[in-house]
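See structure below.
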Amino acid sequence: MHASGNAAIYFVDRHIGEGRGDKLAFREADGAKRSLTYGQLAEETARFAGALDRHGVRREERVAMIVRDQIEFPVVFWGSLKAGAIPVPLNTLLSTDIYEGILSDSRASILVVSEELWDVVAPAISDNRYLRAVLVIGDAPEGTESYAAFTEGAEPVQTVEAHEDELAFWLYSSGSTGLPKGVRHVHASLKATADTFGAQVLGIREEDTVYSVAKLFFAYGLGNGMSFPMSVGATTVLFGGRPTPDAVFDIMKTERPTIFCGVPTLYAAVVAAQEAAGGKPEHSIRVCTSAGEALPREIGERWERLWGAEIIDGVGSTEMLHIFLSNRPGDIVYGTSGVAVPGYEVRLVDEHDEDVPEGEVGELLVRGPSSADGYWNRRNKSQSTFAGHWTRTGDKYERSDGGRYVYCGRTDDMFKVSGIWVSPFEVEQALVEHPAVLEAAVVARADEKGLDKPAAYIVLKDGADPAVAAELKDLVKEKIGMWKYPRWIEVVEELPKTATGKIQRFKLRGSA
Ligand code: 3SK
């Protein structure tokens, strides 16, 4: 084993030897607006590792984190790695029941919580048998310890030796059913995503300032806001609040990020707000990324017209840690997910795992240096997802003429109408081309004969007349084909989504 296999050496400690001790690593855009240089980060993480040590936390014990995007997030994450413990960042928007399930599934012995989230978390730990300390960032309620008291006076410790293939951290990934699954990642994967997407697609450099609306607990946010900027000594703007269009306009103006990482729902909302307000937004952005779900072509084009900066749309997964299929700066075709990121290979296969010919829809498989080690306590699911070097994504794609990949839907979202496959995403793209439609979700619904037909749920832009729904059927027929038009169109206030903006179509199926 070699100490340099521990990712904390590369991402944190290395910057001191390379003279970046005074360079700003993190800056909060809300709350107390604190900041942390690379030198302070190295010190604070070594002290947090020392505090874990002092508390008797041993290697491989899990440190669950229900922490907003604030200075303590990187300190706890990298400090745990330094101690050889396993940080497990959790989505900060989950319910008490799910926290209870995950905390018991992971058998975390330490839990770190932001004080704002305490009310939801408190009932989740009352019967927990594994937690030995609950640290609250802020005022500590009875029965907990404040994060400040836990770290107070702790001696900084040396980063422990770790093999690059050793488990480093877990992320919990939600599926359509059951408890989220613990996805176990190794140390080497963090550098692998920074060296591939971060360096070769995003082209991140030391002078950059990144703002990611995807929070750090999400694999997409973890790369955008931690491993990519920290691989080159850049700066990250942390924002713990809800990323509304107004918050985004404000951060762009005052914090001046040069890289903006968004998700399609947010891009759609910002474009609509910007078009309604008129004028040109004030910003210093040089490049934007999108992931989480496919970016509708229309939204990408409107954003680029208004903001004068391209969106690199790509697809990744928690299992692969970050984006493996992507457009490139200067070579973007909106409405596609581009091509494989350097270092990754992709295949499209049919139900017998045979490669499908060009132009046909198949399941996307990916192979690359950042695939997870497996799911915690889910042997069967691990075996079916991680098939040797290839990882199944559960996404259906088609390869177009230029070799670009076009998203068709989740394996379980696709359906057939009159024997022909319909991609909900394609129908949704056609719907959002109507100027009154903000968002759309399409699912299969059985007609009176029991045959599947598309049903659409749409969110209208502010002030739009619900009567436009009648025009939409013809729009879809004209744009993408007679059999694909939605036989039912319902106007709704909002679509069910995951915390990271993915539409949960399974919640709409059978909802009528
Ligand atoms: O959903 C995605 O596209 C994604 C991208 C990067 C990292 C993680 C995920 C789930």
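Just follow the structure's listing: the first ligand is 1, and inside any ligand the first atom is 1. Predicted, not measured: the structure shown is a model, and the values here were computed from it.
Within 4.0 Å of ligand 1, contacts by protein heavy atoms are made from Phe218, Ala219, Tyr220, Ala291, Gly292, Val315, Gly316, Ser317, Thr318, Leu321, His322, Ile323, Lys502.
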query = Where do Tyr405 and Thr336 land on the side-chain hydrogen bond (donor to acceptor under 3.5 Å, both in side chains) test, with the steps shown first?
reply = CA-CA 6 Å; Tyr405 287 78; Thr336 79; over 6 Å; no
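Nearest heavy atoms, Asp105 versus Asn377: OD1-ND2, 4.0 Å.
With 3.5 Å as the limit, one finds no donor-acceptor pair spanning the side chains of Thr411 and Lys396. Remark: the Glu319 side chain and the Tyr375 side chain contain an N/O donor-acceptor pair separated by less than 3.5 Å. Between the side chains of Thr318 and Tyr172, not a single donor N or O lies within less than 3.5 Å of an accepting N or O.
Between His185 and Trp170, the distance separating the two ring centers is not shorter than 6.0 angstrom.
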